[in-house]
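Below: the structure, in structure tokens.
The shown structure was predicted, so the numbers you read here are calculated from the model rather than taken from an experiment. Only heavy atoms go into these numbers, but all of them, side chains included; no hydrogens, no water, no symmetry mates.
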Amino acid sequence: MFGAYFGLAASYILGKPTKGTENEVNIVSDITSLIGTLFLWIYWPSFNGGQQAANSDQQQRAVVHTILALCAATMGTFAASSYFNPSHKFRPVDIQNATLAGGVAIGVTCNL
């Protein structure tokens with residue numbers, strides 16, 4: 001509940017964007033989303049491992065598998081992002097989406 005009300009209060013205080021298009025690149029939004037991706041890297045393994053019994057092999061396996069899935073998704077996207085981008089540069093949006101996809105993909109089967 002706190003997160004929902006905090007998000008509503010933050011969006012009310014920040015207000016509507018003053019100008020620009022919906023797809024415009026903004027350095028503030030890129031930095032904010034990269035900080036969110038960092039939080040995913042920190043907390044997602046404990047989220048998946050917290051579903052298992054404390055100090056069990058399954059809990060350790062869940063944390064290790066989640067970290068491996070995040071690494072594999074992110075490293076694969078680093079290579080693909082620079083290869084498929086016409087200017088051969090990394091796109092932060094691709095990396096952020098890959099981190100989220102890697103965590104979601106391993107979420108159900110992390111302890112197997």
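- Remark: Arg91 engages Ser81, Asn85, Val93, Asp94 in a side chain to side chain contact (heavy atoms under 4.5 Å, CB included) (not counting sequence neighbours).
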Using residues 61-73 as the side-chain source, report each donor-acceptor pair under 3.5 Å to any protein atom, sequence neighbours left out, with the distance given to one decimal.
unit_1 : atom_1 : unit_2 : atom_2 : d
Arg61  : NH1    : Asn111 : O      : 3.1
His65  : ND1    : Cys110 : O      : 3.0
Thr66  : OG1    : Asn48  : ND2    : 3.0
Thr66  : OG1    : Ala62  : O      : 2.7

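- The two atoms that bring Phe90 and Phe78 nearest to each other are CE2-O, 3.0 Å, heavy atoms only.
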Under 3.5 Å, which donor-acceptor pairs link side chains of residues 35-47 to any protein atom two or more places apart or in another chain?
unit_1 : atom_1 : unit_2 : atom_2 : d
Thr37  : OG1    : Ser33  : O      : 3.0
Trp44  : NE1    : Gly103 : O      : 3.1
Ser46  : OG     : Tyr43  : O      : 2.9

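- Cluster annotation: Met1 and Leu8 are assigned to the same hydrophobic cluster (Ile/Leu/Val/Met/Phe/Trp/Tyr, side-chain heavy-atom contacts under 4.5 Å, transitive).
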